[in-house]
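Reading through the structure tokens given below for one structure.
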Amino acid sequence: MNTWRSRSLAAPFALSFMAGCDSAPSVDLFSRLGPPQRNVALTRASMMSGAVMLRPPQGYCIDKRSLEDHFAVMSRCDTLGAKAVSGDVPLGIIVASFTPLAADQALPDPAVTAAALNLRDISETEVSERSVTFRATGDASVAGTAADHWRATARVGNHLMGLALYGPKAGPAIRADGRALLNDVLTGTSPLP
């Protein structure tokens with residue numbers, strides 16, 4: 001994997017990009033998910049002025065109320081009032097943000113992301129040509145969630161996608177199931193022609 005050529009350039013870039021991942025309000029989102037409202041659950045969304053199609057993992061939907069051109073919040077479809085079967089999909093909240101990324105620009109490695117977001121205890125790092133996923137500990141920016149959570153960054157066409165998955169304390173979303181959820185987003189999200 002290529003790494004940043006200059007840490008002095010990497011940290012501000014990661015900060016500006018990943019700040020979107022933590023822009024979810026500091027409230028207890030799990031308690032605000034009910035009662036479900038109609039017509040707020042989306043199965044996909046066009047992002048970055050139509051350059052990217054965001055697709056949530058199976059059993060999750062995009063909360064239409066959160067949707068901006070570069071930002072979206074996803075949660076289980078049933079918590080958003082959708083009739084889609086969520087089955088035993090873990091309860092969690094996935095925050096996605098996007099920013100432009102030059103063709104020759106490498107993905108930020110977990111250490112850069114961790115330094116920019118004041119994260120610690122980086123573990124279970126998995127790197128591919130297109131994405132990086134890892135677990136980290138940090139202040140829970142979403143009330144009612146564990147400090148341990150999953151992070152991912154990925155190249156989607158000419159954009160950098162950042163993902164953060166928050167789950168209830170001791171819930172399956174903060175264990176191995178969380179990586180699977182993020183991998184589903186990474187696989188389903190694609191650039192548009």
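What's counted below: heavy atoms across the whole structure, side chains too, no hydrogens, waters or symmetry copies.
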Is [X] reaching over with its side chain to a backbone N or O of [Y], donor-acceptor style, under 3.5 angstrom?
X: Arg135; Y: Ile174; result: yes
X: Arg175; Y: Ala170; result: yes
X: Arg151; Y: Gly162; result: no
X: Tyr60; Y: Gly92; result: yes
X: Thr79; Y: Arg76; result: yes
X: Arg130; Y: Leu186; result: yes
X: Asp121; Y: Ala136; result: no

So [Y] and [X], do their side chains get closer than 4.5 Å, heavy atoms only?
X: Asn158; Y: Pro191; value: no
X: Met161; Y: Leu54; value: yes
X: Leu181; Y: Trp150; value: no
X: Met48; Y: Pro100; value: yes

Exercise. To the nearest 0.5 Å, what is the distance between CG (Leu163) and OG1 (Thr153)?
Worked result: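 Reported to 0.5 Å precision, the distance equals 8.5 Å.
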Exercise. Distance from Arg55 atom CZ to Ser190 atom OG, nearest 0.5 Å?
Worked result: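 The OG atom of Ser190 is 5.0 Å from CZ of Arg55, to the nearest 0.5 Å.
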For the residue pair [X] and [Y], what are the closest heavy atoms and their distance?
X: Cys61; Y: Ala82; value: SG-CB, 4.4 Å
X: Ala106; Y: Leu101; value: O-CD1, 4.4 Å
X: Met74; Y: Ala96; value: CE-CB, 3.8 Å
X: Val89; Y: Gln58; value: CG2-O, 3.6 Å
X: Ser46; Y: Met53; value: N-SD, 3.9 Å

Exercise. Taking only residues two or more places apart in sequence, or in another chain, which ones meet Asp177 in a side-chain contact (heavy atoms from CB on, under 4.5 Å)?
Worked result: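 Testing Asp177 for side-chain contact (heavy atoms from CB on, under 4.5 Å), a comparison that skips the adjacent residues, returns Pro90, Pro172.
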For this session: Can you spot which of Val127, Thr125, Thr133 makes a side-chain contact (heavy atoms from CB on, under 4.5 Å) with Pro110?
Result: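 Answer to the side-chain contact (heavy atoms from CB on, under 4.5 Å) test with Pro110 among Val127, Thr125, Thr133: Thr125.
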